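Only a predicted model underlies this, so the values are computations on that prediction, with no experimental measurement involved. Just so it is clear: chains get the letters A, B, ... in the order the sequence lines come, proteins before strands, and each one is counted from 1.
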2 protein chains.
Amino acid sequence: MIAVSLLEEYGGIIKNYKSGDFIFEEGNRPLHYYQIISGEVKMNNYNDEGKEFIQGIFYKNQCFGEPPLFIDQMYPANAVAVIDSEIIIITKDKFLDLLKNNSEISLKIIKNLSQRLYYKSVMAAEISSQDPEHRVLRLIDYSIEQLNFKKEEAGFLINFTRQQIGDLTGLRVETVIRAIKSLEKKGDLKIINRKVYR
Amino acid sequence: MIAVSLLEEYGGIIKNYKSGDFIFEEGNRPLHYYQIISGEVKMNNYNDEGKEFIQGIFYKNQCFGEPPLFIDQMYPANAVAVIDSEIIIITKDKFLDLLKNNSEISLKIIKNLSQRLYYKSVMAAEISSQDPEHRVLRLIDYSIEQLNFKKEEAGFLINFTRQQIGDLTGLRVETVIRAIKSLEKKGDLKIINRKVYR
DNA sequence: TCCATTTTATGACTTAAATCATGAAAAACT
DNA sequence: AGTTTTTCATGATTTAAGTCATAAAATGGA
């Protein structure tokens, strides 16, 4: 998103997180801008019964957690490192200064937020009113479009576990497993030693 | 959002829509910026079985449908007038010019998108993994916070039909009716001749 | 290399919400 | 005012996804 050199000019510091570390937690007050240098971060919630819902998964060069920063609300979800990750962090004040002094960044932020809102809109409609197979397939197609899934001979390798797909679509693992099997039978995707291709 | 006078400087024209009229449809290419002068607009999808999902409801002074405009994607949902409405419209090009020449507007847009993303995040987690009563109550509380629901002696009047609540939460009308009844029994809200107060 | 954990898998069963049916009350047209 | 449509309401039934149990394969640490 924003050039690391520019972030460093505004006091950016790089922090290391181990797999599973929380970067911030639901209910915290937003005080920083976060951008991934390397690694992978998920934003998630846990409901009353402890079931996880993954809001999104973020990769290299992506930022996360800005919306609450702009509207002065508490974080609606946790941010957790999925693998060991390096994250560059600047304070809210410096970030707003940076925006003010670099008007072309605003458009970048707008586009980024728009992209995420688009994803949420598509998935909201899916989650609320489509059958499991439809939901899984939509998530897969959207992820191919937006994430850096590798194209191999068999198709795009879907780099999610069944559990992650469940947590992203609000389905249980078993249901995801059954949906994927059924989608394979219909020829909508391939399973080659447990990995899913589309 | 944006001053009407400023929109008019950039060629804004006011269009009238009757209740039920489509302003744009899912799959259309985004070519304009829309802002409500008066009336009420919903954005919705229909799934394969014809069930409606309401992405959001927008009121006076609010804009809608910008995300796809910024990222050059087709509209992911329809926009429909819920009651007779006046909408001011400017072309995409003029809108981008306006943004370029009025940098303070960018921050407004960012805040607006952030607010909507925040709503989507909260509701996504709710819809995917909470029981109906929880979902209904969350929608109601969020709507009180964000929309202009009137405070009366009995509490805030929830200005939604049961059907609308269902379409916003992905539940069926009957389920919403039962959830609301149950919530009333628990004392979480009041029903006074069919109207819901919180 | 070995052991613990995670991931994928499948069958049996349970359950909560959807569906279906029906009707009264209220709202919106004509 | 009268008629149509929408909204709210409730009971009975169905069903799809969740839950539970169990296990093999793969992965990841120690």
Side-chain angles (χ1 to χ4, degrees), chain A residues 18-20 40 42 47-54 80-84 126-137 139-140 157-185 189-197, chain B residues 18-20 40 42 47-54 80-84 126-137 139-140 157-185 189-197:
Chain A
K18 288 240 162 290
S19 171
E40 191 179 326
K42 68 177 172 185
N47 77 355
D48 299 344
E49 285 90 47
K51 185 175 183 299
E52 181 178 8
F53 176 73
I54 300 178
V80 186
V82 177
I83 55 176
D84 294 356
E126 284 292 320
I127 286 176
S128 90
S129 53
Q130 298 284 6
D131 66 288
E133 291 176 28
H134 207 284
R135 278 150 85 166
V136 168
L137 208 53
L139 174 76
I140 285 175
L157 170 61
I158 308 309
N159 200 20
F160 287 143
T161 65
R162 313 290 197 267
Q163 183 64 62
Q164 283 180 320
I165 293 176
D167 293 340
L168 283 159
T169 53
L171 298 166
R172 309 250 76 145
V173 209
E174 298 95 322
T175 307
V176 173
I177 289 168
R178 284 163 186 146
I180 287 176
K181 288 264 154 143
S182 165
L183 286 165
E184 190 203 19
K185 240 177 225 160
L189 36 78
K190 285 178 202 157
I191 305 177
I192 299 172
N193 62 18
R194 300 173 143 213
K195 289 177 198 303
V196 178
Y197 296 87
Chain B
K18 288 241 162 291
S19 171
E40 190 179 327
K42 68 178 172 184
N47 76 357
D48 299 345
E49 284 92 48
K51 183 175 184 299
E52 180 177 10
F53 176 74
I54 300 179
V80 185
V82 177
I83 55 177
D84 293 356
E126 283 295 317
I127 287 176
S128 89
S129 53
Q130 299 283 8
D131 66 287
E133 291 178 27
H134 206 284
R135 276 151 85 164
V136 168
L137 207 53
L139 174 76
I140 286 176
L157 171 61
I158 308 311
N159 200 21
F160 288 143
T161 65
R162 313 290 198 264
Q163 183 64 62
Q164 283 180 320
I165 293 176
D167 293 340
L168 283 159
T169 54
L171 297 167
R172 308 251 75 145
V173 209
E174 298 95 321
T175 307
V176 172
I177 289 167
R178 284 163 188 147
I180 287 176
K181 287 264 155 148
S182 165
L183 285 166
E184 189 203 20
K185 242 177 223 159
L189 38 78
K190 285 177 201 154
I191 306 178
I192 299 170
N193 62 18
R194 298 172 145 213
K195 290 179 199 300
V196 179
Y197 295 88

Can you tell me how far C1' of C:dT7 sits from CZ of A:F160, to the nearest Å?
16 Å
How far apart are the C-alpha atoms of A:F53 and A:K51, what are their side-chain angles, what is the distance that settles it, and do they pass the side chain to side chain contact (heavy atoms under 4.5 Å, CB included) test?
CA-CA 7 Å; A:F53 176 73; A:K51 185 175 183 299; over 6 Å; no
For B:Q163, the side-chain contact (heavy atoms from CB on, under 4.5 Å) test, sequence neighbours excluded, returns B:T161, B:D167, B:V173
Quickly work out the B:I191 CD1 to D:dT7 P distance and round it to whole Å.
17 Å
Report yes if some heavy atom in the side chain of B:K195 is under 4.5 Å from a heavy atom in the side chain of B:L157; otherwise report no.
yes
CD of A:E49 versus P of D:dG18: gap in Å, rounded?
13 Å
Could you run down the sub-3.5 Å N/O contacts of the protein with nucleotides 10-17 of chain C?
| from | atom 1 | to | atom 2 | distance (Å) |
| --- | --- | --- | --- | --- |
| C:dT10 | OP1 | A:K181 | NZ | 3.3 |
| C:dT10 | OP2 | A:K181 | NZ | 3.1 |
| C:dG11 | N7 | A:R178 | NH2 | 2.9 |
| C:dG11 | O6 | A:R178 | NH2 | 2.9 |
| C:dA12 | N6 | A:R178 | NH2 | 3.4 |

Mind checking what makes salt bridge (charged side-chain N to carboxylate O under 4.0 Å, His left out) contact with B:D131, not counting sequence neighbours?
none
Between B:I165 and B:I180, is a side chain to side chain contact (heavy atoms under 4.5 Å, CB included) present by the stated rule, with each step listed?
CA-CA 10 Å; B:I165 293 176; B:I180 287 176; 4.1 Å; yes
Between B:R162 and D:dT7, is there a side-chain N or O to OP1/OP2 distance below 4.0 Å?
no
To the nearest Å, how far apart are A:Q163 CD and C:dT5 C1'?
14 Å
How close or far is atom C1' of C:dT8 from atom CD1 of A:I158, stated in whole angstroms?
17 Å
Check side-chain contact (heavy atoms from CB on, under 4.5 Å) between A:K185 and all other residues, then give those that pass, not counting sequence neighbours.
none
Start with the C-alpha distance between A:L189 and A:L137, add both sets of side-chain angles, then the distance that settles side chain to side chain contact (heavy atoms under 4.5 Å, CB included), and finish with yes or no.
CA-CA 9 Å; A:L189 36 78; A:L137 208 53; 4.0 Å; yes
In whole angstrom, give the distance that lies between atom CG of B:D167 and atom P of D:dT6.
14 Å
Ring pair (Phe, Tyr, Trp, His ring centres under 6.0 Å) partners for B:F160, two or more places apart:
B:F149
Measure the distance from CG on B:N47 to C1' on C:dA18 and round it to the nearest whole Å.
13 Å
Atom pair distance, as rounded to whole Å: CD1 in A:I192 and P in C:dT8:
15 Å
Whether each nucleotide of nucleotides 25-30 of chain C has a protein heavy atom under 4.0 Å at its base (B), only at its sugar-phosphate (S) or at neither (-) is summarised, 5' to 3', as SS----
Decide side chain to side chain contact (heavy atoms under 4.5 Å, CB included) for B:R162 and B:V196; before the verdict, give the C-alpha distance in whole Å, the side-chain angles of both, and the deciding distance to 0.1 Å.
CA-CA 9 Å; B:R162 313 290 198 264; B:V196 179; 3.5 Å; yes
